[in-house]
Amino acid sequence: QVQLVESGGGLVQAGGSLLLSCAPSGRTFSTYNMGWFRQAPGEEREFVAAINWNGDTALYGDSVKGRFIISRGNAKNTVYLQMISLKPEDTAIYYCTAGANRLSTRPATYDLWGQGTQVTVSS
């Protein structure tokens, strides 16, 4: 069964940092675009960042620009989200996603989703 497995979430104080990782199991995603979305309680799923299959193009949501960096591992099969200067409003479940369509900020363009990892930022 193909899965995306996120890790690295946790509790951090405002101003702190976290590194999220996402690795697939069951197949390789080295030719897929990959990204991160997040969802806070009672809110819609929000685009965070996405990176194309070879790692040379990235998109960021307005609320995280300049604070978050998305990258891919050397084998292009793992995606990371480095988060710095975290704010309480960054608190959400963070979902990794992969898709074969054009790089996009829209959830509907992605084909596979992980189970999510909780990020909590205390004030």
Side-chain angles (χ1 to χ4, degrees):
Q1 183 179 359
V2 178
Q3 290 183 317
L4 293 173
V5 181
E6 303 99 335
S7 61
L11 173 64
V12 64
Q13 288 188 332
S17 62
L18 282 175
L19 175 65
L20 303 185
S21 301
C22 174
S25 65
R27 62 158 293 169
T28 179
F29 283 87
S30 59
T31 59
Y32 276 55
N33 300 323
M34 298 185 76
W36 293 91
F37 286 75
R38 67 187 183 186
Q39 190 166 18
E43 303 288 333
E44 293 186 353
R45 193 163 292 193
E46 177 190 10
F47 172 73
V48 176
I51 190 166
N52 72 333
W53 68 274
N54 70 354
D56 66 0
T57 302
L59 303 176
Y60 292 94
D62 289 340
S63 61
V64 306
K65 282 180 182 176
R67 300 187 299 121
F68 292 9
I69 297 175
I70 189 170
S71 62
R72 301 188 76 132
N74 288 337
K76 303 292 191 285
N77 206 36
T78 303
V79 66
Y80 303 97
L81 186 68
Q82 178 67 59
M83 307 185 294
I84 66 171
S85 302
L86 283 161
K87 305 174 182 179
E89 50 264 44
D90 293 319
T91 296
I93 298 175
Y94 284 70
Y95 297 92
C96 176
T97 188
N101 298 309
R102 189 178 65 176
L103 193 66
S104 170
T105 65
R106 297 171 55 241
T109 60
Y110 293 91
D111 305 309
L112 188 65
W113 294 82
Q115 292 298 307
T117 185
Q118 177 71 49
V119 171
T120 303
V121 184
S122 63
S123 57

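Being a predicted model, the structure only gives us computed values, none of them experimental. Sequence positions, counted from 1, serve as the residue numbers for this chain.
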Subject >> Value rounded to 0.5 Å, distance of CG in L81 from CG in L19 >> reply: 8.0 Å

Subject >> Spacing of CG belonging to L103 relative to CG belonging to L59, to within rounding of 0.5 Å >> reply: 4.0 Å

Original post:
Which atoms form the tightest heavy-atom contact between Q118 and A92, and what is the distance?
Top reply: NE2-O, 3.4 Å

**OP:** Return the minimal non-hydrogen interatomic distance between S123 and A14, and the atom names on each side.
**Re:** CA-CB, 4.3 Å

Original post:
Is there a donor-acceptor pair closer than 3.5 Å between any side-chain N or O of N33 and the backbone N or O of W53?
Top reply: yes

Original post:
Which atom names give the shortest non-hydrogen contact between T78 and A23, and what distance separates them?
Top reply: OG1-CB, 4.2 Å

Original post:
How far does CE of M34 sit from CG of L112, to the nearest 0.5 angstrom?
Top reply: 8.5 Å

**OP:** Could you list all the side chain to side chain donor-acceptor pair (under 3.5 Å) pairs where at least one residue sits in residues 3-15, not counting sequence neighbours?
**Re:** none

**OP:** Locate the shortest heavy-atom distance separating A40 from T91; write the atom from each residue and the value.
**Re:** CB-O, 3.7 Å

Original post:
What pairs of residues pass the side chain to side chain donor-acceptor pair (under 3.5 Å) test when at least one of them lies in residues 96-107, not counting sequence neighbours?
Top reply: S104-T109

Original post:
If you measure only the distance, is there a donor-acceptor pair under 3.5 Å linking the side chains of S63 and E46?
Top reply: yes

Subject >> Main-chain N/O of N77 paired to S30 side chain as donor or acceptor, under 3.5 Å >> reply: no

Subject >> hydrophobic_cluster_shared for F47 and V64, side chain cutoff 4.5 Å >> reply: no

**OP:** Carefully, step by step, assess K65 and D62 under the rule salt bridge (Lys or Arg N to Asp or Glu O under 4.0 Å).
**Re:** CA-CA 5 Å; K65 282 180 182 176; D62 289 340; 3.2 Å; yes

Subject >> pair F29-V79: side-chain heavy atoms closer than 4.5 Å >> reply: no

Original post:
Can V2 be reached from L4 by stepping across I, L, V, M, F, W or Y side chains whose heavy atoms are under 4.5 Å apart?
Top reply: yes

Original post:
Rounded to the nearest 0.5 Å, how far does CG of N52 lie from OG1 of T31?
Top reply: 11.5 Å

**OP:** Kindly say whether G55 contributes a backbone atom to a donor-acceptor pair with the side chain of R72 at under 3.5 angstrom?
**Re:** no

Original post:
If we only count heavy atoms from C-beta on, is the V119 to M83 side-chain gap below 4.5 Å?
Top reply: yes

**OP:** Write down the atom of S17, the atom of Q82, and the distance for their closest heavy-atom approach.
**Re:** CB-NE2, 4.1 Å

Original post:
Does atom CD of Q115 have more than 12 heavy-atom neighbours, drawn from other residues, nucleotides or ligands, at distances under 6.0 Å?
Top reply: no

Original post:
Please, which pairs that meet ring pair (Phe, Tyr, Trp, His ring centres under 6.0 Å) have at least one residue in residues 86-123, sequence neighbours excluded?
Top reply: F37-Y110, F37-W113

Subject >> Side chain proximity check, I69 to Y60, heavy atoms < 4.5 angstrom >> reply: yes

**OP:** Rounded to the nearest 0.5 Å, what's the gap from CD1 on I70 to CG on L20? Could you check?
**Re:** 10.0 Å

Original post:
Atom CD of E44 and atom CD of Q39: how far apart are they, to the nearest 0.5 Å?
Top reply: 8.5 Å

